[in-house]
Amino acid sequence: GEQVEQRPPHLSVREGDSAVITCTYTDPNSYYFFWYKQEPGASLQLLMKVFSSTEINEGQGFTVLLNKKDKRLSLNLTAAHPGDSAAYFCAVINQGGSAKLIFGEGTKLTVSS
Amino acid sequence: EAAVTQSPRNKVTVTGGNVTLSCRQTNSHNYMYWYRQDTGHGLRLIHYSYGAGNLQIGDVPDGYKATRTTQEDFFLLLELASPSQTSLYFCASSDARNSDYTFGSGTRLLVI
């Protein structure tokens with residue numbers, strides 16, 4: 001079945017720096033891709049949902065890139081601030097029909113001021 | 001407001017104990033899911049359901065049962081709890097056509 005690998009597990013950056021988190025997946029039939037943010041003690045907050053036909057997606061303060069050829073999904077926080085400190089998870093859905101979200105292992109991001 | 005509500009928020013039980021985690025959604029979604037979250041593993045799917053009376057096995061089902069009694073309600077049952085089941089559990093619902101997921105606030109379970 002689909003496997004999703006997320007790197008790095010921990011990331012520390014200074015305020016104003018960029019932070020990049022990358023996921024690779026194995027199933028070429030995956031067609032929906034997600035990035036979630038989880039603050040301590042909280043549930044998952046959807047940052048962005050990307051459909052497989054779209055390669056570059058811009059949100060507020062971040063960009064999501066999808067490279068279908070390499071089966072790679074990345075989240076780039078362009079100018080991180082302390083409020084971005086949280087755990088981030090990628091997730092994918094493939095065409096298996098069950099609409100199961102398969103998650104990466106997560107990245108704990110710390111942004112220092 | 002459409003939502004996924006989990007109860008209890010926190011639960012402590014002893015090894016061998018019987019635990020039921022509850023989840024209710026008001027999104028009119030067909031699909032519901034139970035995940036567990038552990039450091040280094042992300043969220044892993046335990047069981048899921050397409051609708052009332054339906055149950056599908058997820059990726060880490062051992063030691064868990066589930067039951068979907070209505071469109072709204074999905075329960076996770078641990079009949080002989082073990083310390084390895086100490087975890088943070090999330091319920092979610094989705095409209096599979098649009099892949100719009102809604103997550104509950106989580107239940108933190110400690111098995112001592």
Side-chain angles (χ1 to χ4, degrees), chain A residues 1-11 21-27 29-54 73 75 86-109, chain B residues 1-7 9-10 21 23 25 27 29-51 54-61 66 68 74 87-109:
Chain A
E2 172 71 282
Q3 294 184 42
V4 180
E5 184 173 307
Q6 183 172 342
R7 292 291 182 265
H10 300 275
L11 181 59
I21 303 170
T22 301
C23 290
T24 55
Y25 58 96
T26 57
D27 190 336
N29 294 317
S30 293
Y31 66 104
Y32 264 125
F33 305 86
F34 301 76
W35 282 103
Y36 287 94
K37 176 182 181 181
Q38 185 183 34
E39 297 182 349
S43 187
L44 285 84
Q45 171 194 349
L46 178 66
L47 287 179
M48 185 169 283
K49 180 174 75 173
V50 177
F51 189 57
S52 60
S53 65
T54 310
L73 177 72
L75 172 68
Y88 291 82
F89 295 91
C90 64
V92 306
I93 291 179
N94 62 30
Q95 291 182 334
S98 65
K100 298 188 298 182
L101 271 179
I102 309 298
F103 283 85
E105 300 95 333
T107 297
K108 184 174 181 182
L109 173 66
Chain B
E1 180 179 316
V4 175
T5 303
Q6 292 183 234
S7 62
R9 286 299 307 272
N10 296 282
L21 307 185
C23 179
Q25 58 106 354
N27 301 323
H29 286 163
N30 289 329
Y31 293 78
M32 295 186 75
Y33 309 82
W34 277 106
Y35 287 89
R36 61 177 288 174
Q37 182 181 10
D38 304 288
T39 302
H41 292 280
L43 279 77
R44 292 180 291 175
L45 183 64
I46 305 170
H47 290 299
Y48 61 105
S49 167
Y50 295 153
N54 176 268
L55 182 64
Q56 302 294 318
I57 294 172
D59 300 319
V60 289
R68 180 88 175 269
F74 196 29
S87 188
L88 178 58
Y89 291 87
F90 283 103
C91 175
S93 71
S94 82
D95 176 346
R97 289 171 297 173
N98 296 324
S99 298
D100 288 326
Y101 269 70
T102 304
F103 283 86
S105 299
T107 294
R108 192 168 293 279
L109 174 66

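All of these numbers come straight from a predicted model, not from anything done at the bench. Note: hydrogens, waters and symmetry copies are ignored here, and every other heavy atom, side chains too, is used.
- The environment of A:K108 atom NZ is sparse: at most 12 non-hydrogen atoms of other residues, nucleotides or ligands sit within 6.0 angstrom.
- No side-chain heavy atom of B:Y101 sits less than 4.5 Å from a side-chain heavy atom of A:Y32.
- Taking CG from B:D59 and CZ from A:F103, the interatomic distance works out to 11.5 Å, rounded to the nearest 0.5 Å.
- In this structure, no portion of A:Q6 lies under 4.5 Å from any heavy atom of chain B.
- Residues passing the side-chain contact (heavy atoms from CB on, under 4.5 Å) test with A:E2, sequence neighbours excluded: A:V4, A:Y25, A:T26, A:D27, A:S30, A:V92, A:N94, A:I102.
- In this structure, chain A has a heavy atom under 4.5 Å from the side chain of B:F90, while its backbone stays farther away.
- Formation of a donor-acceptor pair under 3.5 Å by the B:S105 side chain with backbone atoms of A:S43 is not found in this model.
- The nearest pair of heavy atoms linking A:K100 to B:Y33 is CA-CE2, 4.3 Å.
- Within a 6.0 Å radius of CD in A:Q3, other residues, nucleotides and ligands contribute 12 heavy atoms or fewer.
- Few gaps surround CZ on B:R44; more than 12 heavy atoms of other groups in view lie less than 6.0 Å from it.
- B:Y35 places a side-chain N or O within 3.5 Å of a backbone atom of A:L101 that can act as its donor or acceptor partner.
- Heavy atoms closer than 4.5 Å to chain A are found nowhere in B:Q56, neither backbone nor side chain.
- Of the atoms belonging to B:L45, it is side-chain heavy atoms, and not backbone ones, that fall under 4.5 Å from chain A.
- By the 4.5 Å heavy-atom criterion applied to side chains, B:F103 and A:Q38 are not counted as neighbours.
- Heavy atoms of A:L46 lying under 4.5 Å from chain B are absent altogether.
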